Amino acid sequence: MTESATKSPPPFEVYRARDAGDFEESGMMHSDGTISQEVGEASMALVAEGMLEGSKLRVLYRRPGGFSLSYAWFKSGFPLPLHSHSTPCLYYVVAGSLRIGTQELGPGDGFYIDPNTPYIYTPGPDGVEVLEFRDTDRFDIKIRSRNVKWWHKALEKLKTSKLSWPGQTKAPSGLELP
């Protein structure tokens with residue numbers, strides 16, 4: 001092994017928002033790919049309709065093998081499907097609001113999810129910014145929305161929701177990440 005392969009991470013580190021990396025490019029989250037062809041096609045229709053324009057995900061901090069902190073901004077009406085992750089996650093609402101179940105959460109609120117627990121939330125009228133704290137830097141996502149009717153309904157809602165997105169050029173907190 002090389003010296004860098006056996007070297008422990010430093011006991012103290014500083015991270016800066018301006019250095020945040022793109023979440024998708026980080027390779028932190030992977031999918032097991034267990035969705036039907038019909039659901040896969042329906043989800044790709046959302047992407048083709050511009051769904052990804054309604055989100056911004058950044059990796060603020062990543063400690064190999066041990067910890068990660070991510071930032072997510074979802075614009076109003078962003079269609080987040082029912083899903084789960086292989087690791088626990090603690091969410092903190094920075095700005096905006098979201099609805100999870102019957103609960104409306106705003107700035108300073110948050111929620112915790114055990115590993116493999118299916119959940120879904122809906123961004124509020126001004127969107128939502130959340131911090132995601134995880135005890136690992138690599139995890140999976142499993143899409144649990146297997147009902148193709150949900151995907152078709154989400155596509156119709158997206159067509160309406162994205163009409164307000166041009167007016168949502170800045171995150172509710174005013175935080176600007178690369």
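Side chains are part of it too, since the values below use all heavy atoms of this structure and drop only hydrogens, waters and symmetry mates. Along the sequence shown, the residues carry numbers beginning at 1. Everything numeric here is computed off the predicted structure, so don't read it as measured data.
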For the side chain of Ser68 and the backbone of Thr136, is there at least one donor-acceptor N/O pair under 3.5 Å apart? yes

Do Cys89 and Phe111 have side chains that get closer than 4.5 Å, going by heavy atoms?
no

With distance as the sole test, does Arg63 use its side chain to make a donor-acceptor pair with the main-chain N or O of Glu13 at under 3.5 Å?
-> no

Starting from the C-alpha separation in whole Å, work towards a yes-or-no answer on side chain to side chain contact (heavy atoms under 4.5 Å, CB included) for Leu177 and Glu129. CA-CA 12 Å; Leu177 293 177; Glu129 291 175 87; over 6 Å; no

_Using modelled atom types and a 3.5 Å cut-off, is there a donor and acceptor pairing between side-chain atoms of Ser86 and backbone atoms of Asp140?_
yes

In Tyr71, Tyr112, Tyr119, the residue satisfying ring pair (Phe, Tyr, Trp, His ring centres under 6.0 Å) with Tyr91 is Tyr119

Note: Ser43 and Trp151 closest approach over all heavy atoms is CB-CZ3, 3.4 Å

For Phe139 and His85, take the angle between the two ring planes, folded into 0 to 90°, and tell me which bin it lands in: parallel under 30, tilted 30 to 60, perpendicular over 60. perpendicular

* **Check ion pair Lys153-Glu156 (N to O, under 4.0 angstrom)** => no

**Asked** For residues Thr87 and Asp135, is any side-chain donor paired with an opposing acceptor at under 3.5 Å?
**Response** yes

Crowded around Tyr15 OH? As in, over 12 foreign heavy atoms under 6.0 Å? no

- Message: Between Lys162 and Glu53 (salt bridge meaning N to carboxylate O under 4.0 Å), is one present in this structure?
- Response: no

